[in-house]
There are 2 protein chains.
Amino acid sequence: MFQEMAKIDDVARLANVSKGTVSNVFSQKRPTSKEVTERVLSVSKELNYTPNHIARSLVTKKTQAIGLTIPHGNFFFSAFHHQFINGVILEASRYGFRVLLDMIPQQEVKTPFLSNYPIDGAVVMSPAVEDERIRLLDAKNIPFVAIGKVMNGGIGSSLSVDSDNRKIIGDICRYLIKLGHRSIMFLNAGEQMTVSKERKNGFVQTLASQRIEVEEYMIHHKPAIDASDYLNYGYKETVNVLKRLDKKVTAIIADDDRTAFSAMNALKDLGLNVPHDISVFVICGDLSIMHQSSPSLTSMDLQPSELGMQSVKLLMHRLGVLKGSYPEQVIVESRIVERNSCVPI
Amino acid sequence: MFQEMAKIDDVARLANVSKGTVSNVFSQKRPTSKEVTERVLSVSKELNYTPNHIARSLVTKKTQAIGLTIPHGNFFFSAFHHQFINGVILEASRYGFRVLLDMIPQQEVKTPFLSNYPIDGAVVMSPAVEDERIRLLDAKNIPFVAIGKVMNGGIGSSLSVDSDNRKIIGDICRYLIKLGHRSIMFLNAGEQMTVSKERKNGFVQTLASQRIEVEEYMIHHKPAIDASDYLNYGYKETVNVLKRLDKKVTAIIADDDRTAFSAMNALKDLGLNVPHDISVFVICGDLSIMHQSSPSLTSMDLQPSELGMQSVKLLMHRLGVLKGSYPEQVIVESRIVERNSCVPI
DNA sequence: TTGTACGCGTTATCAC
DNA sequence: GTGATAACGCGTACAA
């Protein structure tokens, strides 16, 4: 009952053909006569034979798998991540590619035993400045698509799918300013994220263009992933600015759902009502951890699953699976979804 | 600049050792002298050499990857899935395993070219009766852990991680009955899911034990994944029962967030208020697609990420990565989280 | 079509 | 106990 897996030689022998022919029947790289094809197939079925994926990869140097690297610490994905992953998987499966979830191996290089990635290409989420994953992929000549701008020294052009971050933060600021807000607190992403740099610039520029002075208390950066106050970021900064510094903030822009939730908890503790006393705007729209939140949150929809799909599409082009010319950068549209957390002042 | 990847022979030559020694340095299967080890390592770094994962897999027959198969059609994961995946990934990475997301390939065996799964083991989510994936894994002798009961003919004992579904539905029913509800509609999972069978039985038994007659309109099953009304399941059934059949339902139990959301939309259209007119209970707690919902939903927390972690742990035992004896089945606790969608009648 | 030399490591087996 | 040698795994590709 515990039969060994049949090998190509077994099939070849029983079907009275050579290994090569069996290989061709399965790979269809060379035509084979109908007769032979059928014989091989029937023997294969009988022996329960399927080509060994590993052996094949060894020679073709293709694995039919792409890596998806997502930075993470000990915490869980946000809804943005989830939807993004959805998009990646869905699109990859359309081309017969499987998706290998890769946690960023930012920790263990204890033994310098970092095996070759058995992937044909990769999608890199949330690139940081001088991103280690990107350095690695580049060193190993593995094609990759980054979600966001790549800022690694020595790495020239690279493929990327991105939102227009300058525009996004600009739109948000203008939206809030139009509602009468001038004292806006921006809970930005981590400082090392390339995206946070763009958004910070956009924030400063937009406020300047609207003749609003950018004050120190307005811009904040999420701590590093392993910092103790990572999860409390929104809460801490909010309390700090509103209570300790006693600033009269009228609107908060939160980088993601978690941060928004955290900030709103702070507001609640401070006795402030959303949106009556203060407006809250979330950049990533879908809020898995906030189902208990009310009011619903006005947000910028980044279309994460679309980002995922486009990144795979681009990667498939790069891998030659999709033919034709392709751009080096794809921009996915974002748009404001008005809900109930932002109101006129 | 476009250097070929260094091979083990290159390292061996430059370090004045043999292939085998280089192999030993990396695999640490045999001790090597400190001196040699350092020389090999330094040369490796110089050449940017890392062992070829594929070649290694070919001989060891291990891939250091586990598959995670999730049934899906053309739609997106629910929050339950996401959290579950989180748990799996987190735990797998602790053992140096990568996770291969496998969508169930909807059985397109157009060419009978189904390559060997390059995985050491698998986690099977939402097993169905006579599940094809399980049949395949069993045929290929790939160890697997199922989330829920396996009901495949010919397959005896198998590892599984599960919630206590009988208890879950029983607890929910008793909770609702205690609130005074007696006319309860149960939007169950798909009929082909093993879990739905258990829950149905539990539902019937509990109501019977509370001397409530189980009527036809009470139990519903989600259509197949590819059915046109799959996404509208909750809506349709709700309208059907409440309006067409004119039943006086006072509580709805929804199998997942999507279904609950769908049903609540129906209630809204019918002019019914939750929880004032009708209570809603959700079985899977975290509701990514329901951030706009209010009130917040009382739910049964199945601890999906814990389920994911436990399943990997069990699989690691089965693969011999974790030593020691282990149970064949692990039960993960579930508990009711009271929010605002269920009230006394 | 067939034969056969690869690909790139690992794992005995053997020699020092 | 260490290091070197050779066979091996399972397909693919190319020449015959």
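In what follows, every chain begins at residue 1, and chains take the letters A, B, ... in the order their sequences are listed.
- To the nearest angstrom, P of D:dT2 lies 15 Å from CD of B:E38.
- Taking atom CG on A:D9 and atom C1' on C:dT4, their separation rounds to 12 Å, with Å as the unit.
- The NZ-C1' distance, from A:K19 to C:dC6, rounds to 10 Å in whole Å.
- One can place CG of B:L58 at 6 Å from C1' of D:dC10, the figure rounded to the nearest angstrom.
- Residue B:R56 places no side-chain N or O under 4.0 Å from the OP1 or OP2 atom of C:dG9.
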#### Entry: Working for side-chain contact (heavy atoms from CB on, under 4.5 Å), residues B:S18 and B:T21
CA-CA 5 Å; B:S18 70; B:T21 304; 3.2 Å; yes
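- At the phosphate of D:dC10, neither OP1 nor OP2 sits under 4.0 Å from any side-chain N or O atom of A:Y49.
- When the side-chain nitrogen and oxygen atoms of B:S33 are compared with OP1 and OP2 of D:dG3, one or more of them lie within a distance under 4.0 Å.
- Taking atom CD1 on B:I54 and atom P on C:dG9, their separation rounds to 11 Å, with Å as the unit.
- Look at B:T32 and you won't find any side-chain N or O under 4.0 angstrom from OP1 or OP2 of D:dT2.
- Summarising the geometry, the separation between CZ on B:R39 and C1' on D:dG3 is reported as 11 Å, rounded to the nearest angstrom.
- Heavy atoms of B:N16 sit under 4.0 angstrom from primed sugar atoms or phosphate atoms, though from no base atom.
- Closest to the side chain of B:S23, out of C:dT2, C:dT11, C:dT1, is C:dT11.
- Heavy-atom nearest nucleotides on DNA chain D were determined for B:G20 and for A:A55, and the one closer to the 5' end corresponds to B:G20.
- Neither OP1 nor OP2 of C:dT10 sits under 4.0 Å from any side-chain N or O of B:T60.
- No side-chain donor-acceptor contact under 3.5 Å links B:S23 to the backbone of B:K19.
- Using a 4.0 Å cut-off between a side-chain N of Lys or Arg and a carboxylate O of Asp or Glu, A:R135 and A:E130 do not qualify as a salt bridge.
- Both A:V36 and A:K61 sit near DNA chain C, but only A:V36 has its closest nucleotide nearer the 5' end.
- Residue A:V22 is classed as having no contact, given no heavy-atom separation below 4.0 Å to the nucleic acid.
- In this entry the distance linking CG of A:N52 with P of C:dG7 reads 19 Å, nearest Å.
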### Task
Test A:D9 against A:K7 for salt bridge (Lys or Arg N to Asp or Glu O under 4.0 Å), laying out the working first.
CA-CA 5 Å; A:D9 302 87; A:K7 320 190 251 195; over 6 Å; no
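- The closest side-chain donor-acceptor pair between B:S57 and B:T63, if any, does not fall under 3.5 angstrom.
- Residue B:K7 has a polar side-chain atom (N or O) positioned under 4.0 Å from OP1 or OP2 of C:dC8.
- With D:dA4, C:dT1, C:dG9 as the choices, the nucleotide that has an atom nearest any side-chain atom of A:R30 turns out to be C:dT1.
- Between the P atom of D:dA13 and the NZ atom of A:K62 lies a distance of 11 Å, rounded to the nearest Å.
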